[in-house]
Novice: 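I am attaching a structure below and will ask some questions about it afterwards.
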Amino acid sequence: MAPDVRTEVLPGRVRAGYALGSLVTGAFGTVPGLLLLPYLTDTLGVAAGIAGLLVLAPKAWDVLINPVAGRISDRTRTPMGARRPFLLFGGLALAVLFAGIFAAPFGGGSAAYAAVMFLLAATAFAFYQVPYVAMPAEMTDDYAERTRLMSWRVAILAVAILVSGALSPMVTKQFGGGVPGHRAMGVFVAALILVGTFGSFFGTRSAPVGKVLPSEPSFAAQLRVVRGNRPFRLLLICFVVQAAGIATMLAGVSYFATQILESPDTGATLLFACFVGPALLVMPVWTRVGARLGKLRSFTIASLVFAGAAALLALAPFLPAALVYVLTGLVGSGYAGQQVFGMAMLPDCIAFDARRTGRRQAGVFTGLWTAGETLGMALGPGVFAVLLAIFGYVSSSSGEAALQSDTAKLGVLLGFTVVPAIVVASALIGLRGYDLTERRLTEEVS
């Protein structure tokens, strides 16, 4: 029996409350990818290859824990609903552990300590993120309302990326750089996570949760159902590959600002401002584009905007700085569209499965989704670290980047521009055959 269909428009307070959770996902998704690798290489003196492994290993753990978190949340029954308790307790734990990543209490052993704390923080994040991402599929069955809800979420996500990504380097510098500066930055980001935690928990008190449906009796049975959901599989593969490309670019921001733009003090902040600022402006445009062209075509266009602008940034050594920042704004505009339509297509896939099977297992789908996204985001810094190692990047333990050769600078340039562009564009090949339209979803109900 198919679940009840809820086509009502969600109240603005519910959209806003849900969207505030992006302060949590945006901060944790941005800052480690932006600052953890250079923190290890340029503050703790860890070799680039080893630093890449230290960043990758804890995130790879999330690939295993995220599906578990999804299955647990699917089976949770509380007066607050199945998902909301995880928003509160997962977010609180994440805030404390994030501050701990950059505390560096053990001197020379702080690199291993940071890796362990990152592992624990990634686990806490899994138990926040997976239930959080599962909620839209249970809050509304309206095809267009999901896009509107995701537009609110991505708008707050853009703010979270801007505030955490642009201000974190400034906080680090303001408090003297090195270990003291990173400690202050860790506390600053932890405070942002707390705001998002309380905002999303209390803001979704009145959110519809849908009918509680039975889930498959075993994890193996749930995975079989996921394998049978072809639209989900195609979307997941594309999104994971694109996450790797985006994360590669994100990992290179500090290096690109220092080595290519030769602006170590303000370059990273300006790049982030140009990346996120236009995204806030184009959100209404993407919403209209999606209504006119559909989610899949709009997702494709947004991905090509990202890839094209990123490729053009390879000319940065020969371009005026102003034009580099304009191109970065185009990259951010494409990224905003990718996030809106990718995250709006995910609950479509979940609703398609619920109507087809009559079972409630949004957590399983979002667990696999966030595991895949986490893997992609973890691979990005790893890919960038490999490029640094191949092109001979020299690490430093002084808190400042060492003098680099032209070959090392070329590696930074390619890792920030051409490689992400190729990865994001090529991922679209995996979406061939995706056919989950509004008409098909309606037919499934009837």
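Computed from a prediction, not measured in an experiment: that's the story for all the values here. The first residue in the sequence is number 1, and the count goes up from there.
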Novice: Mind checking whether Phe102 and Phe98 have parallel, tilted or perpendicular rings, split at 30° and 60°?
Specialist: tilted
Novice: Below 4.5 Å, heavy atoms only, C-beta onward: do Leu271 and Leu261 meet side chain to side chain?
Specialist: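 Sidechains of Leu261 and Leu271: in contact.
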Novice: Who passes side chain to side chain contact (heavy atoms under 4.5 Å, CB included) against Ala336, sequence neighbours left out?
Specialist: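 Counting only residues at least two positions away or on another chain, Ala336 forms a side chain to side chain contact (heavy atoms under 4.5 Å, CB included) with Ala279, Val282, Met283, Trp286.
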Novice: Looking at every non-hydrogen atom in both residues, tell me the closest pair between Pro169 and Ser164 and how far apart they are.
Specialist: CD-O, 4.3 Å
Novice: Are Phe28 and Val189 close enough that some pair of their side-chain heavy atoms sits under 4.5 Å apart?
Specialist: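 When only atoms from C-beta onward are counted, Val189 and Phe28 do not touch, as no gap falls below 4.5 Å.
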Novice: Please identify each residue that fulfils side-chain hydrogen bond (donor to acceptor under 3.5 Å, both in side chains) with Thr123, with sequence neighbours left out.
Specialist: Trp61
Novice: Does some side-chain heavy atom of Ile246 sit less than 4.5 Å from a side-chain heavy atom of Phe306?
Specialist: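 Yes, at least one pair of side-chain atoms sits under 4.5 Å.
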Novice: Is there a side-chain contact between Val195 and Leu20 (heavy atoms, below 4.5 Å)?
Specialist: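 Heavy-atom side-chain distance check fails, nothing below 4.5 Å.
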Novice: Please find the pair of heavy atoms, one from Ala190 and one from Ala95, that lie closest to each other, and give the distance.
Specialist: CB-O, 3.2 Å
Novice: Are Leu414 and Phe391 close enough, and set up right, to give a side-chain contact (heavy atoms from CB on, under 4.5 Å), and what steps lead you there?
Specialist: CA-CA 10 Å; Leu414 294 177; Phe391 283 83; 4.0 Å; yes
Novice: Decide yes or no for Pro231 and Phe352: does some side-chain heavy atom of the first lie under 4.5 Å from some side-chain heavy atom of the second?
Specialist: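 The answer is yes, as the side chains (C-beta and beyond) meet within the 4.5 Å cut-off.
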Novice: So, Tyr255 and Thr41: side-chain donor and acceptor under 3.5 Å apart, yes or no?
Specialist: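 Thr41 and Tyr255 do have a side-chain donor-acceptor pair below 3.5 Å.
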Novice: Please list every donor-acceptor pair under 3.5 Å in which a side-chain atom of residues 310-328 meets a protein atom from a residue at least two apart or in another chain.
Specialist:
residue	atom	partner	partner atom	Å
Thr328	OG1	Val324	O	2.8

Novice: Show the atom names and distances, to 0.1 Å, of all donor-acceptor pairs under 3.5 Å that link a side chain in residues 232-244 to residues at least two apart or in another chain.
Specialist:
residue	atom	partner	partner atom	Å
Arg233	NE	Arg227	O	2.7
Gln242	OE1	Gln338	NE2	2.8
Gln242	NE2	Ser303	OG	3.0
Gln242	NE2	Val424	O	3.2

Novice: Counting the benzene-type ring for Trp, do Phe299 and Phe341 have ring centres under 6.0 Å apart?
Specialist: no
Novice: For Val285, which residues count as a side chain to side chain contact (heavy atoms under 4.5 Å, CB included) partner, sequence neighbours excluded?
Specialist: Arg288, Val289
Novice: Closest approach of Thr248 and Gly415, non-hydrogen atoms and distance?
Specialist: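 Looking at all heavy atoms of both residues, the closest pair is CG2-O, 3.3 Å.
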Novice: Closest approach of Ala27 and Pro32, non-hydrogen atoms and distance?
Specialist: O-CD, 3.8 Å
Novice: Verify side-chain contact (heavy atoms from CB on, under 4.5 Å) between Phe256 and Ser263, making sure each step is shown before the conclusion.
Specialist: CA-CA 9 Å; Phe256 183 80; Ser263 179; over 6 Å; no
Novice: Please list, one pair per line, the donor and acceptor atoms closer than 3.5 Å that link side chains of residues 84-94 to other protein atoms, with sequence neighbours excluded.
Specialist:
residue	atom	partner	partner atom	Å
Arg84	NE	Phe201	O	3.1
Arg84	NE	Thr204	OG1	3.3
Arg84	NH2	Phe201	O	2.6

Novice: Under 3.5 Å, is there a donor-acceptor pair between the side chain of Thr43 and the main chain of Leu40?
Specialist: no
Novice: Checking Val340 against Thr287 for the side-chain contact (heavy atoms from CB on, under 4.5 Å) test, could you report, in this order, the C-alpha distance in whole Å, the side-chain angles of both residues, the deciding distance, and whether it holds?
Specialist: CA-CA 8 Å; Val340 167; Thr287 301; 5.5 Å; no
Novice: To the closest 0.5 Å, what do you measure between CE (Met185) and OG (Ser168)?
Specialist: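 Met185 atom CE to Ser168 atom OG measures 5.5 Å (nearest 0.5 Å).
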Novice: Is any side-chain heavy atom of Val412 less than 4.5 Å from a side-chain heavy atom of Leu388?
Specialist: yes
Novice: Quick check for you: to the nearest 0.5 Å, what is the distance between Thr172 atom OG1 and Gln174 atom CD?
Specialist: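 Taking OG1 in Thr172 and CD in Gln174, the distance rounds to 10.5 Å.
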Novice: Roughly how far apart are Ile156 CD1 and Arg15 CZ, rounded to 0.5 Å?
Specialist: 13.0 Å
Novice: Under the side-chain contact (heavy atoms from CB on, under 4.5 Å) rule, what do Gln404 and Thr258 come out as? Steps first, then yes or no, please.
Specialist: CA-CA 10 Å; Gln404 305 296 330; Thr258 300; over 6 Å; no
Novice: Please list every donor-acceptor pair under 3.5 Å in which a side-chain atom of residues 127-135 meets a protein atom from a residue at least two apart or in another chain.
Specialist:
residue	atom	partner	partner atom	Å
Tyr128	OH	Ser200	OG	2.8
Tyr132	OH	Tyr18	O	2.6
Tyr132	OH	Ser22	N	3.4

Novice: Is there a side-chain contact between Phe384 and Pro420, using heavy atoms and a 4.5 Å cut-off?
Specialist: no
Novice: Can you tell me which residue pairs pass the salt bridge (charged side-chain N to carboxylate O under 4.0 Å, His left out) test with a partner in residues 422-437, sequence neighbours excluded?
Specialist: Asp435-Arg440
Novice: Just how far is it from atom CG of Leu36 to atom NE2 of His182, taken to the nearest 0.5 Å?
Specialist: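 Reported to 0.5 Å precision, the distance equals 8.5 Å.
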Novice: Scan for salt bridge (charged side-chain N to carboxylate O under 4.0 Å, His left out) pairs involving residues 246-264, sequence neighbours excluded, and state none if there are none.
Specialist: none
Novice: Could you list the residues that satisfy side chain to side chain contact (heavy atoms under 4.5 Å, CB included) with Ala389, not counting sequence neighbours?
Specialist: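 Ala389 satisfies side chain to side chain contact (heavy atoms under 4.5 Å, CB included) with no other residue.
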Novice: If you measure from OG1 on Thr30 to CZ on Phe275, what distance do you get to the nearest 0.5 Å?
Specialist: 8.5 Å
Novice: So, taking the atom named CG in Leu281 and the one named OG in Ser333, what distance separates them when rounded to the nearest 0.5 Å?
Specialist: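 With rounding to 0.5 Å, CG (Leu281) is 8.0 Å from OG (Ser333).
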Novice: Testing the basics here: between Lys409 and Ile260, what is the closest heavy-atom pair and its distance to 0.1 Å?
Specialist: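 Lys409 and Ile260 have their closest heavy atoms at O-CD1, 3.5 Å.
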Novice: What pair of heavy atoms forms the shortest contact from Gly26 to Ala160, and how long is it?
Specialist: CA-CB, 4.1 Å
Novice: Residues in side chain to side chain contact (heavy atoms under 4.5 Å, CB included) with Ser426, at least two apart?
Specialist: none
Novice: Residues two or more places apart in sequence or in another chain: which of them pass side-chain hydrogen bond (donor to acceptor under 3.5 Å, both in side chains) with Arg153?
Specialist: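 Once residues adjacent in sequence are excluded, Arg153 has no partner under the side-chain hydrogen bond (donor to acceptor under 3.5 Å, both in side chains) criterion.
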Novice: Check whether any side-chain heavy atom of Leu387 lies under 4.5 Å from a side-chain heavy atom of Tyr393, and answer yes or no.
Specialist: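 When only atoms from C-beta onward are counted, Tyr393 and Leu387 do not touch, as no gap falls below 4.5 Å.
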